[in-house]
*Asks:* 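Below is the structure I would like to discuss, written out as structure tokens.
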2 protein chains.
Amino acid sequence: MTPPRTRSTGAGEPSRTLALLWGDPSAQPRKGPGRSVTVAQVVDAALSLADEEGLGAVTMRAVAQRVGVSAMSVYTYVPGKAELLDLMVDALYAQMPRPAWGRSRWRSRLTSVAESNLELLTTHPWLTEVAALSRPPLGPGVMAKYEHELSALDGSGLSDVDTDAALTYLLGFVQSHARSAHDARRATTDTAMSDEQWWAANQPVLERALDPTAYPRATRIGAAAGEAHGSAWSEAAAWTFGLARTLDGLAALIERD
Amino acid sequence: MTPPRTRSTGAGEPSRTLALLWGDPSAQPRKGPGRSVTVAQVVDAALSLADEEGLGAVTMRAVAQRVGVSAMSVYTYVPGKAELLDLMVDALYAQMPRPAWGRSRWRSRLTSVAESNLELLTTHPWLTEVAALSRPPLGPGVMAKYEHELSALDGSGLSDVDTDAALTYLLGFVQSHARSAHDARRATTDTAMSDEQWWAANQPVLERALDPTAYPRATRIGAAAGEAHGSAWSEAAAWTFGLARTLDGLAALIERD
DNA sequence: TTGTACGTCGTACACCGTACTGCGTACACT
DNA sequence: AGTGTACGCAGTACGGTGTACGACGTACAA
């Protein structure tokens, strides 16, 4: 591990990542032995690994084994792990549905955009650990997704700059929500401890933490929220609340007189 | 590295983390040699390390060296790295300002809450990689922060459940924004490549990516956004836009008739 | 005084990303 | 047609991570 770079498209020449993303034929040398697999197979292997066992299972060795080459051979397909992650993200974006908008209004269109993104982030929760909202890898998947989602705001009357800002804002909410959901799921999953078990096990110390005289609102409201939807944080409730607020916030911009 | 747990309060007995967070005296044994440092010093060392050199520099060995003990001795203060991160978060929350609200209205109060959080996340960008919105470590810092921020909505007329949801929603926006800002800063920082340099270096392939006939809106709007604020993603513009939308969205709930 | 609970530390392990090297293949040029 | 060489592949190795384990010494409880 040379520098502590954790992610994202890096330095490899003037960026081989873009060439990979766009399948640039200039990156197709004509010497040496034939390649035993393809870049797409490498990316697919990494994707299935991430989906099945989480992002932590995506190691270069594991990817290599899954496609049937040695660990170091992966580096002839992909400059490094960060770039592989970029390719994974772009590949997923490319597969997203892009329905025609027909006569629907902006609010239902944006609801659809939000739900598509939630669906993607729910199916591939590790995306929330990887996908950058600013500075995504500029591949065909990203471009197609961006283009389609922008088109949802056709006819909204917003300026170009505001259209971009509005979309980014909406996607930010979805990402934020999905990340919370992912975190919450992991918390119960990988401690193998249900909410109630945790609560019971920690009750002695928790009594001090939840002192109603020291934290009157926190204890009251925390308890109310817990009772209202079963646990301290409800995925469904947070989604409907947040999406409504987000659309209302955009409505204040779009529908102002 | 045993299991691939990356974060958050774990299994150590019925959770020694809570005892640590609250300074539980039952965790004070009276045998053996005196401790050479304190838990607070360990946490402080980890905090300064993270602030100075990023979260990647926070390794158990580095923390140990900074407080002047051996790597393994850190484990007598803290059950593991995940718990150390929890303690760091709680310590930071504990230090946040908690001004009295006086006669101010909900909108200016929430603006203040948002700005305080942004300030914290800007000063300690690594927090965006660590802090969970759902399921935070229930320490005194978290509780005090939660209590204070809830009080900003006193008199708003919202139900307890909605108050909690509104606050979570606001904080979600701030986190999401701060994370994007952090990502964007890293992208230019650790590739040592300015926006223009990157753009120039990749222009050949980028011409295909930004084909206006294939992606008319994306290219037009992307260019417009880029011109409007110098780069593809402007931190300041995204903040003012997003905060306004978020508050407008909440206004639709709070001020409805 | 002594037993023992506990803090400290060195060593060791499994695993990570990836640099380097050696080898054999198959195209490009003469 | 022969050959040089660019390239794909694999093995080994390095420096890093979190942390399990065991040896050793300290200081309180009996």
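Residue numbers begin at 1 in each chain, while the letters A, B, ... track the order of the sequences. The figures here come from the full heavy-atom set of this structure, side chains too, leaving out hydrogens, waters and symmetry mates.
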*Asks:* Can you figure out which of C:dG17, C:dT8, D:dA10 approaches the side chain of B:Thr76 most closely?
*Replies:*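 Within the option list, the nearest is C:dT8.
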*Asks:* Would you kindly give the CE-to-P distance between A:Met60 and D:dC9, to the nearest whole Å?
*Replies:*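 Between P of D:dC9 and CE of A:Met60: 14 Å.
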*Asks:* When you match A:Ala62 and B:Gly34 each to their closest nucleotide on DNA chain C, which lands nearer the 5' end?
*Replies:*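 Between the two, 5'-proximity favours B:Gly34.
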*Asks:* In this structure, how many angstroms lie between the C1' atom of C:dT11 and the OH atom of B:Tyr75, rounded?
*Replies:*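 To the nearest whole Å, that distance equals 15 Å.
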*Asks:* Using a heavy-atom cut-off of under 4.0 Å over every strand shown, decide if A:Val58 touches base, sugar-phosphate, or nothing.
*Replies:* sugar-phosphate
*Asks:* Does B:Thr59 place a side-chain N or O at less than 4.0 Å from the phosphate oxygens OP1/OP2 of D:dG16?
*Replies:* no
*Asks:* If I take atom NZ in residue A:Lys31 and atom P in nucleotide C:dC27, what distance separates them, rounded to the nearest angstrom?
*Replies:* 11 Å
*Asks:* Starting from P on D:dC9, measure out to CD on A:Gln65 and report it in whole angstrom.
*Replies:*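 Going from CD in A:Gln65 over to P in D:dC9 covers 17 Å.
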*Asks:* If you take atom types as modelled and just measure distance, does the side chain of B:Arg35 reach the base of C:dT8 with a donor-acceptor pair under 3.5 Å?
*Replies:*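 It does not, because no donor-acceptor pair links the side chain of B:Arg35 to the base of C:dT8 below 3.5 Å.
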*Asks:* Is A:Lys81 close enough to C:dG17 that one of its side-chain N or O atoms is under 4.0 Å from OP1 or OP2 there?
*Replies:*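 So the side chain of A:Lys81 is within the cut-off, an N or O lying under 4.0 Å from OP1 or OP2 of C:dG17.
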*Asks:* Using whole Å, what does the distance between atom C1' of nucleotide D:dT19 and atom CD of B:Glu83 come to?
*Replies:* 12 Å
*Asks:* Fit a plane to each ring of A:Trp239 and A:Phe173, take the angle between them on a 0 to 90° scale, and name the class: parallel (under 30°), tilted (30 to 60°) or perpendicular (over 60°).
*Replies:* parallel
*Asks:* If I compare all heavy atoms of B:Thr122 with all of B:Leu118, which pair ends up nearest, and what's the gap?
*Replies:* OG1-O, 2.6 Å
*Asks:* Send over the distance from A:Arg16 CZ to D:dC7 P, rounded to a whole Å.
*Replies:*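 The distance from CZ of A:Arg16 to P of D:dC7 comes to 11 Å, rounded to the nearest Å.
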*Asks:* Can you check whether B:Tyr77 has a side-chain N or O nearer than 4.0 Å to OP1 or OP2 of C:dT8?
*Replies:* yes
*Asks:* Closest nucleotide of DNA chain D for A:Pro33 versus for A:Met72: which of these residues is on the 5' side?
*Replies:*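 Looking at the nearest nucleotide for each, A:Pro33 comes out on the 5' side.
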*Asks:* If you define the side chain from C-beta out and look only at heavy atoms, does anything of B:Ser36 sit under 4.5 Å from B:Tyr77?
*Replies:* yes
*Asks:* Assess whether one donor atom and one acceptor atom, taken from the side chain of B:Arg61 and the base of D:dG16, lie less than 3.5 Å apart.
*Replies:*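 Result: no qualifying N/O pair found.
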*Asks:* Report the distance from atom CD of A:Gln41 to atom C1' of D:dG8, rounded to the nearest whole Å.
*Replies:* 15 Å
*Asks:* Determine whether the aromatic ring centres of residues A:His177 and A:Trp233 are separated by less than 6.0 angstrom.
*Replies:* yes
*Asks:* Does a side-chain N or O from B:Ser70 land closer than 4.0 Å to OP1 or OP2 of C:dC9, or not?
*Replies:* yes
*Asks:* Please tell me if B:Ser36 has a side-chain N or O lying less than 4.0 Å from either OP1 or OP2 of C:dG7.
*Replies:*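 For B:Ser36, the contact criterion (side-chain N or O under 4.0 Å from OP1 or OP2 of C:dG7) is not met.
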*Asks:* Report yes if some heavy atom in the side chain of B:Glu83 is under 4.5 Å from a heavy atom in the side chain of B:Arg16; otherwise report no.
*Replies:*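 No, too far: nothing below the 4.5 Å cut-off.
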